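To find a chain, count down the sequence lines: A is the first, B the second, and so on, and within it residues start at 1. The structure presented is a predicted model; accordingly, all values stated were derived computationally and were not measured.
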2 protein chains.
Amino acid sequence: MTTDLAADLRAAGLRVTRGRLEVLELLENAPHSDAESIRTRLRAVDPDVSIQSVHNVLSALASAGLVRRIEPAKSAALYERRIGDNHHHVVCTGCGAIEDIDCVVGHAPCLTPSSTSGFRIETAEVTFWGLCAACAAPPPIAA
Amino acid sequence: MTTDLAADLRAAGLRVTRGRLEVLELLENAPHSDAESIRTRLRAVDPDVSIQSVHNVLSALASAGLVRRIEPAKSAALYERRIGDNHHHVVCTGCGAIEDIDCVVGHAPCLTPSSTSGFRIETAEVTFWGLCAACAAPPPIAA
DNA sequence: ACCCTTGTTTTGAGTCGTTCACGATAAGGG
DNA sequence: CCCTTATCGTGAACGACTCAAAACAAGGGT
């Protein structure tokens, strides 16, 4: 995979800065993070990062195509690296946990709607909703 | 169709109030409306509706299942009547216009993800993104 | 190696959409 | 018709994000 984050940044026409490298690296390890939790983690290495800087970095990365922004209902915007594959997401209605779903790539019958209402459709975004393993399990109130 | 809105409300265990009837009726005619535009329209018949009341009504209706709330990325929450059919939406990336998409009902091959990551999936929500007819057409800068 | 231009970060305030709290009001069963 | 209780209105608060301008640093030119 692209391990040279600095090169990725340059290729996208962005300057290589500490914050951007940190955010990119962090997103490699913790996908589906929102701005606030990214800042919290960044604090470990850079105690003075402001939330606005995080937003700056994220929106720069997002519009450069280095990062994908997803906005599930009822939660803040989440970011993840790599937008190459058209994968989708499952969101837990209980705890908000989110996981990737490798959906049918290439042929997607129901993703080609019958009537497009005159729209020129570019992308289809699928979000699955359900309960994650932890939330589905009956709570062990025993103790 | 269910034209008796009052009956719908009672069946859902909700009191029948003017505001609720108005909102329901309005959503019949103007689906995919957000709270603010609902209020604007409501002003015509009830000049004193507050935005909070609209939110009240909408969340009551939504949790009673009389109305569906959707939250496309980059826009405020939208509401529409009837959640019975599992239809989906196209959103115009240009102007934000939104239309219903009658997607495959019953069998939805790609809506049954291969690996569910341990989630017990309940629903699948599909959002198509593209350009509406108006936005796709080259702007007539002529004049 | 240094400077200078220009893109980035910071600081701080401001916005939008929504939610919370609570007194005022009205729905509708008795 | 009254009384209980759900609902509405008012006002404040909130989270997430955007805007503006001054301080700063990346990295090409010399």
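- Heavy atoms only, all atoms of each residue included: V91(A) and G96(A) are closest at CG1-O, 4.1 Å.
- Closest to the side chain of R15(B), from the set dT5(D), dT8(C), dC8(D), is dT5(D).
- Atom-to-atom, CZ of R39(B) to P of dG17(C) comes out at 11 Å; the value is rounded to the nearest Å.
- Between Q52(A) atom CD and dA22(D) atom P there is a gap of 17 Å when expressed in whole angstrom units.
- Per the geometry, CD belonging to E71(B) stands 19 Å off P belonging to dC16(C), to the nearest Å.
- Between the CG atom of L14(B) and the P atom of dG28(C) there is a distance of 10 Å, given to the nearest Å.
- Contact annotation: the side chain of V126(B) never approaches that of E125(A) to less than 4.5 Å [non-hydrogen atoms, C-beta and beyond].
- Put simply, CZ on R10(B) is 11 Å from P on dA27(C), counting in whole angstrom units.
- Each of K74(B) and N56(B) was assigned the nucleotide of DNA chain D with the nearest heavy atom; the assignment lying further toward the 5' end belongs to N56(B).
- Take the nearest nucleotide of DNA chain C for R18(B) and for S59(B): the residue whose nucleotide is more 5' is S59(B).
- Taking atom NE2 of H55(A) as the reference point, atom P of dG15(D) lies 13 Å away to the nearest angstrom.
- Nucleotide dT8(C) holds its P atom 17 Å from the CG atom of L42(A), rounded to whole Å.
- If you check every strand for non-hydrogen atoms under 4.0 Å, A60(A) touches nothing.
- S50(A) comes within contact range of at least one nucleobase, with a heavy-atom separation under 4.0 Å.
- If you check dT18(D), dG28(C), dT8(C) against the side chain of R69(A), the one that comes closest is dT18(D).
- Looking at H87(B) and D102(B), their side chains never bring a donor and an acceptor atom within 3.5 Å of each other.
- A donor-acceptor contact shorter than 3.5 Å links the side chain of T93(A) to the backbone of G130(A).
- Shown here is E25(B), whose CD atom has no more than 12 heavy atoms of other residues, nucleotides or ligands within 6.0 Å.
- We find that CZ of R20(A) is positioned 14 Å from C1' of dT10(C), with the value rounded to whole Å.
- T17(A) comes within contact range of the sugar-phosphate backbone alone, with a heavy-atom separation under 4.0 Å but no base atom that close.
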